Amino acid sequence: LKKKTYATFTESMLKSLAGIIGQENISTRESDLDNYAIDEAGAAVPHRPDAVVRPISTEMVSKVLGFASKKNIPVTPRGGGTGVSGGAIPVRGGILLSLEKMDRIIKIDPDNFTAVVEPGVIVEHLNEELARLNLYYPVHISARTATIGGNASTNAGGMNAVKYGVTRQQILGIEAVLADGAVINSGGEYVKCSTGYNLTQLILGSEGTLAVITKVTVKLLPLPQATEILFVPFSSLEGAIETVPLLLRMKNIPMGLEFFERDTIEVAEKFARYEVPGHGQEAFLMIIMEGDSSEDIIQYFGQIEQICRENGAVDFFAPGDALVKRKFIEFRENIGESMKQFGKPDSVDTVVPRSKIAEYVRKIKEVAVEFGVKVYLTGHAGDGNIHFSPVVPGKKANDIKEIKAKFLERIYRECVALGGNISGEHGLGSEKKKYISIGVNVETLGLMSAIKDAFDPGHILNPGKIFDD
Ligand SMILES: Cc1cc2nc3c(=O)[nH]c(=O)nc-3n(C[C@H](O)[C@H](O)[C@H](O)COP(=O)(O)OP(=O)(O)OC[C@H]3O[C@@H](n4cnc5c(N)ncnc54)[C@H](O)[C@@H]3O)c2cc1C
């Protein structure tokens, strides 16, 4: 996309905005401008917005966007600010539109297994409410304060995607506001629809560049009655990774299937002050199973253990105890945090076909040696989604930047060559946009940019994201 010039944000614009949605929903406090200048993309450069706007209704979102369109002011939507690709950073200033106050659970319908929620609802809170009704929304990401609007806009994946799919598979409909303030509806509380284009799926994962999502209708499931976690150390990384497709052939496939290599585990152990069972082994799988009862799940343990042992598992831990299971999940959730000791992390979240994980992991290791880079691998192995942040030891800051950029470009090319793509769940935001043409061919990119023009002709919505301008 061509880089656009925007209007300079003025005092009179601020006054007009206050007239439209009330002074109480607008902030220009220094602390707010600083807090909303960053998200969780460690390596991103902070950018302050000119104003933080916190609407409380769709109508307000509509008025703000209508005004911003008319005045040519950039608008960056934001949920919980836990994104790791810089998607919520207002790189061109203007209005930071935080959806945090739109956090009502509008409706839970146990008969239809649906809920209608506002975008600022924190996913964990939704699940607390649903549990009272024995219901469950299955997308589980490790960021506790992420919102449903943010999950929808990044198409978040998380740990349970192996069995239930990613956010896209859980959303039946949305209400959204277009750049000019028009309110649209797509899909709803019904499970099938062949009425026109599927705009829901187009807007999901669009990182706030096409529309602002103001309501989400999600699919629900009966709350699983039992969850068991297995932790399996392997004598080789290859063995662990090659076990993954075999486990996916079982009748009751794991809900989650995470992998870690030894160096990653060691860093995370220090951070968590906790030693995992099988400490010192080369690689580990964490297998999450759910079912109607523990007995229902345990009947598969024999089969899982056999598959794992045939591929080099040296032990097989099935803790059963709720506290230990919680500890394993927290251990996994804190891996990103533990990596911060190496400096500001870049969040690589490449995805390859699941059958290619072993080959891809081998390639990453090989290329890392070639570039003098250290990688701490982990990931949602059951989804073919590999996470790491490259570390460049013993170099000066400028060299590190250059080495990382070249290394990442190579890694992205290798992953695409294996039939994968550069982001599996975090999105491109501002941090990975320069690599988009590695993952998307020029014709596809042309169509994407035409879609952007159709939705947002003035390009006021989240400029500087996804597309390399
Ligand atoms: C510790 C940690 C663990 C994580 N684990 C995972 C994981 O397992 N899986 C995973 O997928 N991600 C993970 N993430 C990344 C992050 O949590 C997700 O990308 C999440 O979906 C972001 O939600 P958010 O509410 O914080 O959105 P934000 O960061 O605020 O925004 C993300 C993007 O969505 C846009 N946006 C937000 N709300 C709206 C809206 N209502 N309408 C239009 N656009 C909007 C923003 O402009 C931005 O582009 C993790 C992050 C951290 C820090």
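When a residue number appears, it is its place in the shown sequence, counting from 1. Remember, it's 1-based here, ligands and their atoms both numbered in the order they're listed. This is a predicted model, so every value here is computed, not measured.
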For this session: Kindly say whether the aromatic ring centers of Phe260 and Phe284 come within a distance under 6.0 Å.
Result: no
Exercise. What part of Ala211, side chain, backbone, both or neither, has a heavy atom within less than 4.0 angstrom of ligand 1?
Worked result: backbone
Exercise. So, does Val212 sit close enough to ligand 1 that a heavy atom of it is under 4.0 Å from the ligand?
Worked result: yes
Seminar exercise, completed: Only residue of His387, Glu431, His426 satisfying side chain to side chain donor-acceptor pair (under 3.5 Å) with Ser347 is His426
Exercise. Under 4.0 Å from any heavy atom of Gly149, which atoms of ligand 1 are there?
Worked result: 38 (N), 39 (C)
For this session: Write out the residue and atom name of the closest protein heavy atom to atom 28 (P) of ligand 1, then the distance separating them to 0.1 Å.
Result: Gly81 N, 3.6 Å
Problem set entry | Protein heavy atom at shortest distance from atom 31 (O) of ligand 1 | Ala88 CB, 4.0 Å
Exercise. What distance do Lys465 atom NZ and Phe467 atom CZ have between them, rounded to the nearest 0.5 Å?
Worked result: 13.0 Å
Problem set entry | N or O pair under 3.5 Å between Val84 and ligand 1 | no
Exercise. Does Thr200 offer a backbone N or O that forms a donor-acceptor pair with the side chain of Asn198 under 3.5 Å?
Worked result: yes
Seminar exercise, completed: Within the 4.0 Å heavy-atom cut-off, what His426 brings close to ligand 1 is side chain
For this session: Please report the C-alpha distance between Phe234 and Ile241 in whole Å, then the side-chain angles of each, then the deciding distance to 0.1 Å, and finally whether the side-chain contact (heavy atoms from CB on, under 4.5 Å) criterion is met.
Result: CA-CA 10 Å; Phe234 285 78; Ile241 298 281; over 6 Å; no
For this session: Kindly confirm or rule out an N or O of Glu333 lying under 3.5 angstrom from an N or O of ligand 1.
Result: no
Seminar exercise, completed: Taking only non-hydrogen atoms of Arg78 and a 4.0 Å limit, the atoms of ligand 1 in range are 30 (O), 37 (C), 38 (N)
Exercise. Do Gln170 side-chain atoms and Tyr164 backbone N/O form a donor-acceptor pair below 3.5 Å?
Worked result: yes
Seminar exercise, completed: In this structure, atom 47 (O) of ligand 1 is nearest to the protein heavy atom Pro77 O, 2.6 Å
For this session: Assess Lys374 against Tyr376: is NZ or CZ under 6.0 Å from the centre of the six-membered ring, and within 45 degrees of the ring's axis?
Result: yes
Problem set entry | Residue pair Asn334 / Tyr274, side-chain donor-acceptor N/O under 3.5 Å | no
Exercise. How does Leu99 reach ligand 1, by side chain, by backbone, by both or by neither, if only non-hydrogen atoms under 4.0 Å count?
Worked result: side chain
Problem set entry | Sub-3.5 Å N/O-N/O distance, Gly83 and ligand 1 | yes
Exercise. What's the shortest distance from atom 5 (N) of ligand 1 to any protein heavy atom, and which residue and atom give it?
Worked result: Ser142 N, 3.5 Å
Problem set entry | Taking atom 20 (C) of ligand 1 as the reference point, the nearest protein heavy atom with its distance | Asn151 ND2, 3.5 Å
For this session: Return yes or no for this condition: an N or O of Pro119 is under 3.5 Å from an N or O of ligand 1.
Result: no
For this session: Return the residue, atom name and 0.1 Å-rounded distance of the protein heavy atom closest to atom 37 (C) of ligand 1.
Result: Gly79 N, 3.5 Å
Problem set entry | atom 51 (C) of ligand 1 - nearest protein heavy atom and its distance | Thr82 O, 3.3 Å
Problem set entry | Part of Ala143 within contact of ligand 1 (heavy atoms, under 4.0 Å) | both
Exercise. Does Glu207, backbone or side chain, put an N or O under 3.5 Å from an N or O of ligand 1?
Worked result: yes
Exercise. Just one of Leu33, Val91, Ile89 clears the side chain to side chain contact (heavy atoms under 4.5 Å, CB included) bar with Pro49, so which one?
Worked result: Leu33
Problem set entry | Among Glu337, Glu40, Glu333, salt bridge (Lys or Arg N to Asp or Glu O under 4.0 Å) partner for Arg144 | Glu333
Seminar exercise, completed: Closest to atom 7 (C) of ligand 1 among protein heavy atoms sits Ile141 CB, 3.5 Å
